[in-house]
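Taking it in order: structure first as structure tokens, then the write-up.
Throughout, a chain's letter reflects where its sequence line sits, starting with A, and its residues are numbered from 1. In this text, all values refer to a predicted model and were calculated from it rather than measured experimentally. Heavy-atom basis, side chains included; hydrogens, waters and symmetry copies ignored.
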Amino acid sequence: MQALSLTALAFFLLSSTVVGIRLLCLARRTRQTPELAIGLAFLLGGVLGYVPIVLASAEGLVAPAAAPAMLVLGILSLDLGAACLWWFSWRVFRSAGHLGRVVFAAALATLAVSLVGEAASGGFDRATLSHSAWYWLGFGARTSAFAWCFVESFLYFGRMQRRVRVGLAREVDAHVFFLWSLTTAAVLSMFLLRAIAAGSQGTLPPLVVLAQAVLGLMAGALIWITFFPPRWYLRRYEST
Amino acid sequence: MAPSCSPAFEEAARHLEELSDLDRLQARGTLRIALKEAGLAAHEVSGAEMRVVVEKLLPVELDARGIAEADALCAGIGERLGEATPEAEAPSPASVFRRLRAR
């Protein structure tokens, strides 16, 4: 079970890294900010955030004195990744009106407060981190970034389906929003399972480990299909 | 504060108001309902999209409000909608995602 869980995590991180780099290359060509933001979100919220945290949390992989610095690096990276995701949802789905700006500002403020609070309370200790209210405040803000993405993309999928019906959009252009909502729902579920797991003392129940592994594999595959659609997928949806 | 409407919406609403008995508020409201049926909003609709909505969905909405000769009225609005209607300023999520997955 543990091997499956690690494989799933590795696949998820590999997928988000490759797609993130590809999107950053696209941003370099197009000079557009949405691809820059989502590319950074994948890298910072994936491999650059999780690897330092996993290294710092595992016994004996890094010197105990270096663990807090690794944790700071990892959490800062996750926060920056979440901020990029918040920015992406705001600018892509809610650029008109003030609501998106207000939500983005509130998310940034929450992430900043959680970091400062954790630092001020002498935190970033691997033994006590998951008991800290400041950590969970930041965790909530990071989780909400995926929740907002999920809601916006699912609502937009509904609107795109209406456009398809009157001939204003192609099925393939509508379906990408369904894929993106599934991707964010899978990651969101991983976050929620992480929160549930933190509440359980000792070893995780096998069902939770299995669910995390399945969600990791799903999210990894969905990221790939959403942003780097394979030819079979395009043939399937471009023909409808 | 509500986002400002696209130039295509403003132009179509003006023509609908001029060619029908609807007042400004009714014309804009009816147009917004037709746009919603097409999954669009007033702030983002382009000229090309507005022409499709006027042709396919607006006649139904006008019929439902008892406006006589809705088809002819919509054909008139379609003719008046300039080919060169400026596009909405902000790129739509659909256009952003098309770019993100371009090979």
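Atom CZ of B:Arg65 has more than 12 heavy atoms from other residues, nucleotides or ligands within 6.0 Å. Within a 6.0 Å radius of CG in B:Asp63, more than 12 heavy atoms belonging to other residues, nucleotides or ligands are found. For CZ of A:Phe154, the number of neighbouring non-hydrogen atoms (other residues, nucleotides, ligands) closer than 6.0 Å is 12 at most. More than 12 heavy atoms of other residues, nucleotides or ligands sit less than 6.0 Å from atom CD of B:Glu18. Atom CZ of A:Arg94 has 12 or fewer heavy atoms from other residues, nucleotides or ligands within 6.0 Å.
For A:Phe157, no part lies under 4.5 angstrom from a heavy atom of chain B. The parts of B:Leu40 that come within reach of chain A are both its backbone and its side chain, each placing non-hydrogen atoms under 4.5 angstrom from that chain. For A:Tyr156, the part lying under 4.5 angstrom from a heavy atom of chain B is the side chain only.
Here the closest heavy-atom approach between residue A:Leu179 and residue B:Arg101 is recorded as CD1-NH2, 3.9 Å. Residues B:His43 and A:Ala96 approach most closely at CD2-CB, 3.7 Å, considering heavy atoms. A pairwise comparison of heavy atoms in A:Val92 and B:Pro93 identifies O-CG, 3.2 Å as the closest pair. Of all non-hydrogen atoms in B:Ala94 and A:Met160, the two that sit nearest each other are CB-CE, 3.8 Å.
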Between B:Val53 and A:Leu168, does a side-chain contact (heavy atoms from CB on, under 4.5 Å) hold up when you go through it step by step? CA-CA 9 Å; B:Val53 170; A:Leu168 279 173; 4.2 Å; yes
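Aromatic ring orientation, A:Phe93 versus B:Phe97: tilted (interplanar angle from 30° to 60°).
Atom OG of residue B:Ser92 and atom CZ of residue A:Arg159 lie 9.5 Å apart, to the nearest 0.5 angstrom.
Of the options A:Thr30, A:Leu26, A:Val176, a side-chain contact (heavy atoms from CB on, under 4.5 Å) to B:Leu100 is made by A:Leu26 and by none of the others.
Between the A:Arg165 side chain and the B:Ala38 main chain, no donor and acceptor come within less than 3.5 Å of each other.
The candidate from B:Arg98, B:Arg99, B:Glu49, B:Glu37 with the greatest count of non-hydrogen atom pairs under 4.5 Å with chain A is B:Arg99. When A:Val166, A:Val164, A:Leu99 are compared by the number of non-hydrogen pairs under 4.5 Å with chain B, A:Val166 comes out ahead.
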